[in-house]
Amino acid sequence: MEFSEITQTQQKYDANQIQVLEGLEAVRKRPGMYIGSTGPRGLHHLVYEIVDNAIDEALAGFCDKIDVKILPGDVISVLDNGRGIPVGIQPKLGIPAVTVVYTVLHAGGKFGGGGYKVSGGLHGVGASVVNALSEWLEVEVFTEGKHYFQRFERGKIATPLELRGETDRTGTLVRFKPDAEIFQETTVYDYETLQTRLREQAFLNAGIHIELVDERDPNNRIQNNYCYHGGVSSFVEFINKKKAVEVIHPDIMHFTAVAPDDSATAEIAMQYNDSYNELMLSFANNIHTTDGGTHEDGFKRALTRVMNDYARKYNILKENDKNLSGEDVREGLTVIISVKLKEAQFEGQTKARLGNTEIGTLVSNMISDKLSTYLEENPATARAIFDKALAASRAREAARKARDLVRRKSALESASLPGKLADCQSRNPEETEIYIVEGDSAGGSAKCGRDRRFQAILPLWGKMLNVEKARLDKVYGNEKLMPVVTALGCGIGEEFDLSKLRYGKIIIMADADVDGSHIRTLLLTFFFRFMKPLVEEGHVYLAQPPLFRLTKAKNHYYAFSDRERDKLMAELGSNYEIQRYKGLGEMDAEQLWETTMNPATRTMLRVEVEDAAAADEAFTILMGDKVEPRKEFIEQNAKYVQNLDI
Ligand code: 1YM
């Protein structure tokens, strides 16, 4: 295609532009509809959208290198060595294809024909959305010996596509600056967030080189390069190394399959470790399906069946033994499931669940076929896995007995709620809260200070159990955790039932010192491992008691951080008294209500799980039994820790 055509079609181009601009105005008016949010998540999403186009080009077989840079001013640059976005005039609109890609809503890789779009961040809303939400965006295309350039501002064409000169390379370079008018919260990129996502993409697309560079600080250039020839196997290896668990068989199992009609592929890598936790990460078209779907269901179904069939065949399970359950055969399993398909259906509120039924069949047939063969051919690995699953099964049986015992006991005692619980009057979880408080004296203040209509108090006592090292059977009968379980009312593990939860907010209230942070970590680990939906659905909170009280002329002022204290000190000038709270117990009931418990004035932190893998890893390392990784983790994360009082 010749460049001169652009001038020839100028008139048509102007006429069409009106429609084009209207399209992108919609994106600027309601950005949330296109990128989810205008917070940090949406900001990072812009990068993924552009990178997705480069990954598509790699999957089509034309590109093997993607460079992402954070430049000074938080400008993002993405470069690939593919064919370059086509610059020929797109017949329908009469403007160059690359201009269409960046100015027409929903224009995605369907012009040049061939291949199918498999990636697609927030489901392929694409480059024009990034353009609409950028203060400016520049695209450079290197193709067929020529170098082209075009600039846009807030989605509008600033300069027409121009020929800049000759080149012997091919590819696409995009630079953009997110618009501070849209991203009002922040326009600063977080290196680690991009790193995690790009590394994940490198795992999911074996063989692609992805480079990430941070050039914002001239004195501290940061760079990471990712390329994994092992694909999802490398992902499993990476996770198990990072979790610092002992694997129970050396080889990672890796299975692939293609649908008979070529419309989809499935790839699974899995390995068992000596922990009690299962970590399953699933992806559809490189998008993390956090709510699972047909690919996960197909895997689980087939795994349970294959394991039981094998166990029966080789008499590992005797005639009278019960079948192994899904939980038994997944204990200690790290598994990555990645499927790629032509028309992915994403379901549910967050669109994070895969709905295509044919994918369930593809995955389940693949496991039935290939995993059974693998077990037949690797009897030593099979032995190790069955030892693990049988131990899990016995522990589950023991847990059931322990649970029944607890039930019988509480039936005898006829009081089903824990004795130390000061319950609230309301029975409506929409308004009720339970404060879990470490220490009897703080518990006392909280009981007096609370609003008994909707606030319940449960003081904790007794011996700490590290749940990371315990299975369910050890939790039943633990004097510290059982009162929590009974008070919440929703059961644990397999029996968990969110609809039975007695309090809408579960608030952990502990001192701002090392012991307090231990109890916080312990309870969070417990909720995460045994009542995960509580955390996922946002029911768990951390109370934020003040660290200082300043008193001047009988007025009290509270500070929740060193910075707030300094600010208050400056405001009050002189003649004030300052008191540092060492623990909750130092506050009387009224102070505790005023500062920490009164819904009108308190601040609390809601616990959220951003990234299941990262949360799992953090708990494994923090509460697991290896000392070195824990030390390392704490050193690496120490900069984030505030109010640490040793
Ligand atoms: C740094 C971002 O966008 N690379 C990129 C995009 C495209 C192509 C190559 C491409 C696709 C096709 C044919 C095709 C796109 N082209 C289009 C469209 N990197 C980046 N690299 N030739 C080149 O899909 O057939 C959309 S994306 F629509 F113009 F073809």
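Counting starts at 1 for both ligands and their atoms, in listed order.
- Applying the 4.0 Å criterion to heavy atoms of I50 picks out, from ligand 1, the atoms 1 (C), 2 (C).
- With respect to Y228, the ring-ring contact (aromatic ring centres under 6.0 Å, His included) criterion is satisfied by exactly one of F235, F238, F203: F203.
- With a heavy-atom cut-off of 4.0 Å, V78 touches ligand 1 through backbone and side chain alike.
- Atoms CD and OG, on E343 and S263 in that order, are 9.5 Å from each other to the nearest 0.5 Å.
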Output, in order, the C-alpha distance, side-chain angles, deciding distance and verdict of side chain to side chain contact (heavy atoms under 4.5 Å, CB included) for L281 and I337. CA-CA 6 Å; L281 297 180; I337 304 174; over 6 Å; no
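- Taking a 4.0 Å cut-off on heavy atoms, G84 registers as neighbouring ligand 1.
- One option in V139, V101, T170, T172 has a heavy atom closer to atom 26 (C) of ligand 1 than any other, and that option is V101.
- Comparing heavy-atom distances from atom 29 (F) of ligand 1 across C63, P86, A54 singles out P86 as nearest.
- Evaluated by nearest non-hydrogen atom to atom 4 (N) of ligand 1, the leading choice among I55, N53, D80 is D80.
- Residue contacts with ligand 1 for I66 are absent, since no atom lies close enough (heavy atoms, distance under 4.0 Å).
- Of the options Q90, R175, R83, E140, the smallest heavy-atom separation from atom 13 (C) of ligand 1 is shown by R83.
- With H44 contributing its side chain and D190 its backbone, the two residues share a donor-acceptor pair below 3.5 Å.
- At distances below 3.5 Å, not a single donor-acceptor pair connects side-chain atoms of D64 with backbone N or O atoms of I208.
- Between the side chains of T172 and E140, no donor-acceptor pair of N or O atoms lies under 3.5 Å.
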